[in-house]
2 protein chains.
Amino acid sequence: MIRVAVVDDHEMVRKGIISYLITEPEIEIVGEANSGNGAVSLVLEKRPEVVLMDLLMENGTGIDATKEILKEYPECKIIIITSFYDDEQVFPAIEAGAFSYILKTATAEEVVRAIQKAVAGETVIEPKVANRMMKRFRPQERKPHDELTEREMEVLMCIGEGMTNQQISEELFIGIKTVKTHVSNILSKLDVTDRTQAAVYANRNGLVQNQ
Amino acid sequence: MIRVAVVDDHEMVRKGIISYLITEPEIEIVGEANSGNGAVSLVLEKRPEVVLMDLLMENGTGIDATKEILKEYPECKIIIITSFYDDEQVFPAIEAGAFSYILKTATAEEVVRAIQKAVAGETVIEPKVANRMMKRFRPQERKPHDELTEREMEVLMCIGEGMTNQQISEELFIGIKTVKTHVSNILSKLDVTDRTQAAVYANRNGLVQNQ
DNA sequence: CGACATCTCCGCCTGTAGACGGAGATGAAA
DNA sequence: TTTCATCTCCGTCTACAGGCGGAGATGTCG
């Protein structure tokens, strides 16, 4: 008997998943949760072997819930089951300790198989997701800003906000001359000619917090 | 008897929705589709009163499917049922002729009610979605760059590319002095202090072709 | 220890940016 | 026609940007 918990903020998705599992005699649904916080208390109480977990939820993400659960209950097999579109979260999910990663496009058979394999200690990764993971381990394509030092990166982010050297010196508590030195180094490393181009670079490469 | 079709590329979501409806005696599921194209042929064949339609699908979006269906079968009540996150598509969906717009966070009761109301000719719009719609009809919030002249907009796009005044004058075949005049006017109208901030503005507001 | 990277700051110099005020040419609108 | 917006250009002036070369204070690594 495999005890399973289902976590998703959409009730209809939970019902859909459960309809997949209800026909399987060796699987027992021990509970549902509609939030990350709810998932933690549910799983720590019911101690299911497997958790099917969505990532995007309103109260506490699946990532945080996964970390919390594994801290108290490390044997738990957490299967991330999410949409294709939030692929930035694939890697954080793996780091958080997720055991498998499947998509909501999965069929009933695929979900059941993922659960059975999880109990057997086998990880299941969707091919599309696996491809994205592989890229992480392939030799990274080098971005010009990789060679910026930490301080230079801070200055670049300020430039990306449109700040002047004076404002940056006040923001970072350093002298204007120092800022100028950093800026010169940044322009050189990014292979641009002035701060405006550096600002454009920073914004296009997502180096600025504020969108 | 209300005849209903369910369209979503995720089987588990379809099963979840169907589990909501299967208990309702006056609702009959006449078919499922997992793509926009499939939805069109299904609906035109089975002629359900109501269609529950997801927007994001692999083969043909829900928007296109909605248009296609209504072209041949305009009495059909199409209820969009999608995630909260693809809100840019709310307006296109309404324009395409969708009858109601609910979210995947909806409970079984809400889905059933939306179907019943659709048959009765009443539209259901989720409050969160309705708020976004209202903004469309409220006096448009004026973006600072709306008051830029055509020429000033061209200059701003050049600034957004990181070009100097010299380069802009060559690009637009005008004198540097003219460029400076435009730049001064742009800075004033955008309420920024220098070209770097203008470049940041242009990039953040999607005024530049190249991403 | 020495080599190296990083962060900090200095002076000097040139060029660009940008503000300010003025002005002619054009075309559309009242 | 007169008015207005737009695009074009001019001169002047100040401040900031950025290059160049130098240098002291750290901390790390072999």
Side-chain angles (χ1 to χ4, degrees), chain A residues 139-140 142-205 207-210, chain B residues 139-140 142-205 207-210:
Chain A
Q140 281 288 346
R142 316 213 170 208
K143 290 274 183 176
H145 62 262
D146 287 343
E147 53 182 295
L148 292 185
T149 68
E150 200 172 337
R151 201 56 161 169
E152 287 163 354
M153 188 61 82
E154 290 177 322
V155 173
L156 176 57
M157 290 191 296
C158 290
I159 294 175
E161 300 278 3
M163 295 167 71
T164 63
N165 288 341
Q166 176 66 45
Q167 291 171 324
I168 295 173
S169 78
E170 290 163 7
E171 174 77 18
L172 301 181
F173 304 108
I174 55 180
I176 285 194
K177 301 296 179 66
T178 309
V179 176
K180 283 193 172 194
T181 303
H182 289 315
V183 172
S184 283
N185 293 333
I186 291 168
L187 298 184
S188 164
K189 288 182 179 177
L190 297 187
D191 196 31
V192 296
T193 59
D194 53 51
R195 73 194 297 106
T196 304
Q197 289 183 9
V200 172
Y201 178 97
N203 278 277
R204 290 187 180 176
N205 290 85
L207 305 180
V208 195
Q209 328 292 54
N210 182 327
Chain B
Q140 280 286 348
R142 316 212 169 206
K143 290 276 184 177
H145 63 261
D146 288 341
E147 53 183 294
L148 292 185
T149 68
E150 201 172 335
R151 201 58 161 169
E152 286 163 355
M153 188 62 81
E154 290 178 318
V155 174
L156 176 57
M157 290 191 297
C158 290
I159 294 175
E161 299 280 3
M163 296 168 71
T164 64
N165 289 340
Q166 177 65 46
Q167 291 170 323
I168 295 173
S169 78
E170 290 162 6
E171 174 78 17
L172 301 181
F173 305 108
I174 55 181
I176 286 195
K177 302 297 180 68
T178 308
V179 177
K180 283 193 171 194
T181 303
H182 288 314
V183 172
S184 282
N185 292 333
I186 290 168
L187 298 184
S188 165
K189 288 180 180 179
L190 297 186
D191 196 28
V192 297
T193 59
D194 52 52
R195 75 195 296 107
T196 306
Q197 290 183 10
V200 172
Y201 178 97
N203 278 276
R204 291 188 180 176
N205 289 85
L207 304 180
V208 196
Q209 330 292 50
N210 181 328

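Nothing here was measured: the structure is a model prediction, and the numbers come from that model. Side chains are part of it too, since the values below use all heavy atoms of this structure and drop only hydrogens, waters and symmetry mates.
In the set dC9(C), dG18(C), dC10(D), dC9(C) carries the atom at the smallest distance from any side-chain atom of Ile174(A). Of the candidates dC9(D), dG18(D), dA17(C), the closest approach to any side-chain atom of Ser184(A) belongs to dG18(D). The Asp194(A) side chain lies nearest to dG18(D) when the options are dT8(D), dG18(C), dG18(D). Minimum atom distance to the side chain of Lys177(A) is reached by dG11(C), of the listed dG11(C), dC9(D), dA17(C). Closest contact between the side chain of Thr164(B) and the listed nucleotides dT8(C), dA17(C), dG18(D) involves dA17(C). Comparing dG19(D), dC7(D), dA17(C) by their nearest atom to the side chain of Glu150(B) picks out dC7(D). Closest to the side chain of Thr181(B), from the set dC9(D), dG18(C), dA17(D), is dC9(D).
Nearer the 5' end of DNA chain D, as judged by each residue's closest nucleotide, is the contact made by Leu172(B), out of Asn185(A) and Leu172(B).
Separating the CD atom of Gln197(A) from the C1' atom of dA17(D) is a distance of 14 Å, rounded to the nearest angstrom. As rounded to whole Å, 11 Å separates atom P of dC7(D) from atom CE of Met153(B). Residue Arg195(B) contributes atom CZ, which lies 5 Å from atom P of dA17(C) at whole-angstrom precision. As rounded to whole Å, 13 Å separates atom P of dT6(C) from atom CD1 of Ile186(A). In this structure, the CG atom of Leu156(A) is 16 Å from the P atom of dT6(C), given to the nearest Å. Atom CD1 in Ile168(B) sits roughly 14 Å away from atom P in dT16(C) (whole-Å rounding). Nucleotide dA5(D) holds its C1' atom 13 Å from the NE2 atom of His182(B), rounded to whole Å. To the nearest angstrom, P of dA5(D) lies 13 Å from CD of Glu152(B).
Note on Thr149(A): a side-chain N or O is less than 4.0 Å away from OP1 or OP2 of dC7(C). At least one side-chain nitrogen or oxygen of Asn165(A) sits closer than 4.0 Å to the OP1 or OP2 atom of dA17(D). Between Lys180(A) and dG19(D), a side-chain N or O to OP1/OP2 separation shorter than 4.0 Å is absent. Residue Thr178(A) places none of its side-chain N or O atoms closer than 4.0 Å to OP1 or OP2 of dC7(C).
Looking at heavy-atom distances under 4.0 Å, Ile176(B) makes no contact with the nucleic acid at all.
Between the OG1 atom of Thr196(B) and the CG atom of Leu187(B) there is a distance of 9.5 Å, given to the nearest 0.5 Å. Rounding to the nearest 0.5 Å gives a distance of 13.5 Å between CZ of Arg151(A) and CG of Asn185(A). Rounding to the nearest 0.5 angstrom, the gap separating the CE atom in Met163(A) from the OG1 atom in Thr193(B) is 11.0 Å.
A donor-acceptor pair under 3.5 Å links the side-chain atoms of Asp194(B) to the main chain of Gln197(B), judged by distance alone. Between the Asn205(A) side chain and the Leu207(A) main chain, no donor and acceptor come within less than 3.5 Å of each other.
Residues Ile168(B) and His182(B) form no side-chain contact, since every pair of their non-hydrogen atoms from C-beta on lies 4.5 Å or further apart.
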